[in-house]
Peer 1: 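Here's a structure for you.
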Amino acid sequence: MKSGLILRPLLVVLLLAMVLRPVWFTPLLAPLAPENGPVIYERASLWSLTISHFGLVLAASLSATVVAVGLAVFVTRPIGAAFLPLSRTVTNIGQTFPPVAVLALAVPALGFGAGPTLVALFLYGLLPIFDNAVTGLRTLPPVTMDAARGIGLSPSQRLRTVELPLALPVILTGVRLSVVIALGTATIGSTVAARTLGEVIIAGLLTNNTAFVVQGGVITGLLALLIHDGLVLLEKRLSA
């Protein structure tokens, strides 16, 4: 616990330093850059790329959460139970097709930019959230549900005040997995002109500049690690 209290602020400081003052890391990255080549990526602000990257992930993850939890609620009601296999097939689309394939299919319809990336991240994030939401809603304590019925709560009242609050920690586990996957997957969005940290990594690969690859990779990794840690803390707090 104490190590976590020390490590988290250090990682936050490191992330902020890398995106706001990347020049500080020039001595460390210089051996990885080509001879007489640039060391720090300067074609775009690392801060703006990080914010854009996070924004895409946030928008896609929120959309996926709303749709996946909505489907989970529907198929765990008597009226929607028969649609569970179909819903699982639909939410599994993103896992069936690689994100690169989804991007390739979405570009002709949506053009280049953030649109295809949002579609790919949305589809890729559905299944973990849906599966966890279904599990959380189907494994509620029978005694608690019987008590809720016994005091006269309607089905909608039971859903809002009993079922969703009790299932929330399990749902958040799926959201956490989906968000962390999306943070890494979003880097490929730069192949279709989306503004993500993948721009730095791709530039490094194209110019054989390992320093660029390290910058983009480390910033993405730190972002994923800190968000994962924050969601874990939230799950523990809700489960307490």
Peer 1: Using the side chain to side chain contact (heavy atoms under 4.5 Å, CB included) definition, which of the options Thr173, Val179, Leu172 pairs with Arg176?
Peer 2: Thr173
Peer 1: Rounded to the nearest 0.5 Å, what separates atom NZ in Lys236 from atom CG in Leu234?
Peer 2: 12.0 Å
Peer 1: Nearest 0.5 Å, what's the OG1-CG distance between Thr96 and Leu123?
Peer 2: 10.5 Å
Peer 1: Got a donor-acceptor contact below 3.5 angstrom from the Thr135 side chain to the Asp131 backbone?
Peer 2: yes
Peer 1: Are the side chains of Leu49 and Leu197 in contact, using a 4.5 Å heavy-atom criterion?
Peer 2: yes
Peer 1: From Leu46 CG over to Ile219 CD1, what is the distance, rounded to the nearest 0.5 angstrom?
Peer 2: 4.5 Å
Peer 1: Give, for atom CD of Glu235 and atom CG of Leu168, the distance between the pair rounded to the nearest 0.5 Å.
Peer 2: 9.0 Å
Peer 1: Heavy atoms, side chains only, cut-off 4.5 Å: are Leu140 and Arg158 in contact?
Peer 2: no
Peer 1: Say whether, by atom type as modelled, one donor and one acceptor occur between the side chain of Gln157 and the main chain of Ala148 under 3.5 angstrom.
Peer 2: no
Peer 1: Return the minimal non-hydrogen interatomic distance between Pro116 and Gly111, and the atom names on each side.
Peer 2: CG-O, 3.0 Å
Peer 1: Less than 4.5 Å apart, side chain to side chain, heavy atoms only: is that true for Leu183 and His228?
Peer 2: no
Peer 1: Using 0.5 Å steps for rounding, measure from the CG atom of Leu110 to the CG atom of Leu118.
Peer 2: 9.0 Å
Peer 1: If we ignore hydrogens and angles and just use 3.5 Å, is the side chain of Asn209 paired with the main-chain N or O of Pro38 as donor and acceptor?
Peer 2: yes
Peer 1: Would you say the side-chain atoms of Ser178 pair up with the backbone N or O of Ile129, donor to acceptor, closer than 3.5 Å?
Peer 2: no
Peer 1: Taking all heavy atoms of Ala194 and all of Thr117, pick out the closest pair and write down the distance.
Peer 2: CB-OG1, 3.4 Å
Peer 1: Please collect all ring-ring contact (aromatic ring centres under 6.0 Å, His included) contacts where either partner lies in residues 32-64, sequence neighbours excluded, each pair once.
Peer 2: Tyr41-Phe212
Peer 1: Name each donor-acceptor pair under 3.5 Å that joins a side chain in residues 59-76 to protein atoms two or more places apart or in another chain, with its distance.
Peer 2:
from, atom 1, to, atom 2, distance (Å)
Ser61, OG, Val57, O, 2.8
Ser63, OG, Ala59, O, 2.9
Thr65, OG1, Ser61, O, 2.7
Thr76, OG1, Ala72, O, 2.8
Thr76, OG1, Val73, O, 3.0

Peer 1: Just verifying a value: how many Å separate Ile40 CD1 and Leu29 CG, rounded to the nearest 0.5 Å?
Peer 2: 5.0 Å
Peer 1: Taking atom CG of Leu10 as the centre, report whether more than 12 heavy atoms of other residues, nucleotides or ligands fall under 6.0 Å from it.
Peer 2: yes
Peer 1: Take atom CZ in Arg21; do more than 12 heavy atoms of anything else shown fall under 6.0 Å from it?
Peer 2: no
Peer 1: In this structure, which one of Thr50, Val19, Leu11 forms a side chain to side chain contact (heavy atoms under 4.5 Å, CB included) with Leu222?
Peer 2: Leu11
